[in-house]
Every structure is written in structure tokens, then in C-alpha cells.
J.: 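Have a look at this one.
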Amino acid sequence: MGRRRYVARGVPGGYRIRDNHGRRWWGDLYELCPDDLLAELNGKADPARISAQLKRYRALKR
């Protein structure tokens with residue numbers, strides 16, 4: 001089994017999503033890692049579903 005493309009990583013102040021394929025951070029900094037986002041990252045990690053969840057959490061922060 002290869003490395004996962006997207007993973008949630010702890011960073012100072014919370015969590016960020018790491019794109020291992022692109023070797024960069026993807027998305028915003030989160031104080032808490034939402035359970036459904038973490039489940040998607042640990043599951044199929046579909047980029048479209050991850051993007052939709054990130055947009056929803058971004059809207060909730062406003």
C-alpha cells in the first residue's frame with residue numbers, strides 16, 4: 001500500500017491538510033479537525049468531496 005495523497009497533520013495552532021503528491025499544504029488552518037473531514041481523508045480521499053467539505057467549514061468560520 002502506498003502513501004496516502006491527503007493527510008491531516010498537526011501543526012502549531014491546529015491541523016492542516018497535507019498533499020503528499022504535490023508536497024504542499026492544501027486548505028486552511030483548522031483549530032479542530034472535523035470528524036467527517038478526517039473520515040474522508042482516511043477513506044477514499046476523493047478531492048472533490050474534500051473540497052466541498054472545506055468550503056462548508058470555511059463558510060462556517062465567517
Side-chain angles (χ1 to χ4, degrees):
M1 182 175 225
R3 294 176 66 188
R4 293 192 183 275
R5 180 168 180 167
Y6 301 106
V7 293
R9 295 261 170 106
V11 295
Y15 287 89
R16 292 198 69 185
I17 297 173
R18 178 77 180 171
D19 178 357
N20 285 329
H21 184 72
R23 296 186 179 137
R24 61 186 173 97
W25 294 111
W26 194 67
D28 297 329
L29 173 70
Y30 297 95
E31 291 180 11
L32 299 173
C33 191
D35 291 337
D36 54 344
L37 179 59
L38 189 58
E40 183 64 33
L41 289 168
N42 289 332
K44 292 183 179 181
D46 177 29
R49 290 182 58 169
I50 293 171
S51 293
Q53 290 177 0
L54 290 174
K55 286 179 187 176
R56 186 177 70 190
Y57 288 114
R58 218 175 280 131
L60 290 173
K61 287 171 66 175
R62 293 181 190 170

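If you're wondering where the values come from, they're calculated on a predicted model, not measured in any experiment. In this chain, residues are counted from 1 in sequence order.
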J.: Of all heavy-atom pairs between R18 and R23, which one has the smallest distance, and what is that distance?
T.: NH2-C, 3.4 Å

J.: To the nearest 0.5 angstrom, please state how far the CD1 atom of I17 sits from the CD atom of Q53.
T.: 8.5 Å

J.: Please name the pair of heavy atoms, one in D46 and one in E40, separated by the smallest distance, quoted to 0.1 Å.
T.: N-OE2, 3.0 Å

J.: Taking the side chain as everything from C-beta on, heavy atoms only, tell me whether R9 gets closer than 4.5 Å to Y15.
T.: no

J.: Side-chain contact test, heavy atoms from C-beta onward, threshold under 4.5 Å: evaluate it for I50 versus R5 and give yes or no.
T.: no

